[in-house]
Amino acid sequence: MTILGIETSCDETAAAVVQDGRVVLSNTVASSVEEQALYGGVVPEIASRRHIESISGVVATALKDAHLAVQDVDAVAVTAAPGLIGAVLVGVNFAKGLAFAAQKPLVPVHHLRGHVASLYLGSPALAPPFFCLVASGGHCHFVQVQGYTGFTVWGRTVDDAAGEAFDKVARALHLGYPGGPAIAKAAEGANPAAYPLPTPKTEGAYDVSFSGLKTAALNVVNTAAMKGEAVDIPALAASFQQKVADILCDTLFRAAQAAGQRVVGLAGGVAANALLREKVAARAAAEGMVLHLAPLQYSGDNAAMIAAQGYYEYLAGHTAGPGLNGYASWPMEEDFPG
Ligand code: KG4
Ligand code: ZN
């Protein structure tokens, strides 16, 4: 079965064609990240406008690269939540029009379920149940994946998402946007123990918090400025990155064990972080657990993961009519209205 996936929830206009949830026939992305970088973050209005300008061409390219016409696909899958609402609606409305015109089923996909499905693109034998951390710019969820469309969230961030914390600290250190790759690059070869940062406490055993950690990093910068001292930027970037990676890794394995899962996955934009990947791999090896990492080309936002999850949603009968709406937020455990 061949699914066309469409993703416009943030600053990437993306379309892809995926076969049976596993084989990527094409994967196209037009990003407004360079323009967004001028403003130090995503400006929703700019994102929406760029989606409108790019979406027809991006979808046409994805079909062309897969050597298919829209009549050849079995369904059109689209991210229906969560995300910047103006951005989400561009994809949803385009997908609705396309599905209607081509007389194809329309499949709404939750963006975070899509991130989970990015694991299938790199691990052909992976099947639920397993336990997964989805860490992105907007979310940080510790998720038990019981089935392809069955999820239980064991923990989440109580404030900033991990990627958001990277972005904010990078901004304060004048390292640029997006912050995750910038901090990772600045931290290369630097001493991660140079600036001791606190481990934030949370009420929920598997919840995490990054706001206080971000403030602690910013305080280092502000205090040094007041005293007229220089901050060792690479060392602060390394200390911050180390702390975030430790918190994510520790919580992932504690939650997975509590959920009785021996297979773990790492997905979302932050899953591209090399230190986090190393730490999670070492911990999995030490605990004798099986680890699946999202392939680097599918860890950030893309439409292949939406088409992959769309396949499983379609098999589960989760299609929608022309009344489909887009949502800024929606629990990943809940299906969309049909
Ligand atoms: O999943 P994603 O592409 O978009 C959302 O759904 O939010 O995640 C983007 C986030 C950004 O905050 C970015 O700074 C972070 O992922 N990120 C990283 C790395 N690459 C991207 N964070 C840490 N290390 C990286 N190498
Ligand atoms: Zn994402």
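The first residue of the sequence shown is numbered 1, and numbering continues consecutively from there. Atoms within each ligand, like the ligands themselves, are counted from 1 in listed order.
- Legend: residues meeting side chain to side chain contact (heavy atoms under 4.5 Å, CB included) with Q146, ordered by chain and number and at least two apart, are Q144, T152.
- Interface of D167 with ligand 1, defined as ligand atoms under 4.0 Å from a residue heavy atom, comprises 11 (C), 12 (O), 13 (C), 14 (O).
- A salt bridge is defined here as a Lys NZ or Arg NE, NH1 or NH2 lying under 4.0 Å from an Asp or Glu carboxylate O, and K168 with D160 meets this definition.
- Under the 4.5 Å side-chain heavy-atom criterion for ILVMFWY residues, no single connected hydrophobic cluster contains both L236 and L275.
- At a threshold of 4.0 Å, the pair R283-D250 counts as salt-bridged, since one of the basic side-chain nitrogens sits closer than that to a carboxylate oxygen.
- Annotation for ligand 1: atoms under 4.0 Å from non-hydrogen atoms of G300 are 3 (O).
- The single protein non-hydrogen atom nearest to atom 24 (N) of ligand 1 is N273 ND2, 3.0 Å, given as residue, atom name and distance.
- Checked by distance only, ligand 1 and G180 come closer than 3.5 Å through their nitrogen or oxygen atoms.
- Sorted by chain and number, the protein atoms of type N, O or S within less than 2.8 Å of the Zn ion (ligand 2) are H111 NE2, H115 NE2, D301 OD1.
- Nearest protein heavy-atom neighbour of atom 2 (P) of ligand 1: D301 OD1, 3.4 Å.
- Of the protein's heavy atoms, G269 O, 3.4 Å lies nearest to atom 21 (C) of ligand 1.
- Following chains of ILVMFWY side-chain contacts shorter than 4.5 Å, one cannot reach V18 starting from L4, and the two form parts of different hydrophobic clusters.
- Ring centroid separation for the pair Y195 and F240 does not come in under the 6.0 Å cut-off.
- Atoms of ligand 1 found under 4.0 Å from any heavy atom of H111 (numbered from 1 in listed order, with element): 6 (O).
- Contacts of H318 classified as ring-ring contact (aromatic ring centres under 6.0 Å, His included), with partners at least two apart in sequence or in another chain: none.
- Atoms of ligand 1 found under 4.0 Å from any heavy atom of G138, numbered from 1 in the order shown, are 7 (O).
- Between K279 and D246 there is a salt bridge, since a side-chain N of the basic residue sits under 4.0 Å from a carboxylate O of the acidic one.
- By the 3.5 Å distance cut-off applied to N or O atoms, F166 is not counted among the residues near ligand 1.
- Residue-ligand proximity: E12 is placed with every non-hydrogen atom at 4.0 Å or more from ligand 1.
- Residue-environment remark: CD (E203) stays at or below the threshold of 12 foreign heavy atoms within 6.0 Å.
- Using a 4.0 Å cutoff on heavy atoms, C10 does not count as a contact of ligand 1.
- In this view, P128 and Y120, F130, V145, Y148 satisfy the side chain to side chain contact (heavy atoms under 4.5 Å, CB included) rule, not counting sequence neighbours.
- The heavy atom nearest to atom 9 (C) of ligand 1, considering only G137, A165, S9, is found in G137.
- Shown in contact with G179 at under 4.0 Å from a heavy atom are these atoms of ligand 1, numbered in order with element: 14 (O).
- M305 and V33 sit in two unconnected hydrophobic clusters of ILVMFWY residues. Membership requires side-chain heavy atoms under 4.5 Å apart, directly or through other members.
- The contact set between ligand 1 and H115, taken as ligand atoms under 4.0 Å from a residue heavy atom, comprises 1 (O), 6 (O).
- A salt bridge links D335 with R113: at least one charged nitrogen is closer than 4.0 Å to a carboxylate oxygen.
- Atom CZ of R22 has more than 12 neighbouring heavy atoms from other residues, nucleotides or ligands inside a 6.0 Å radius.
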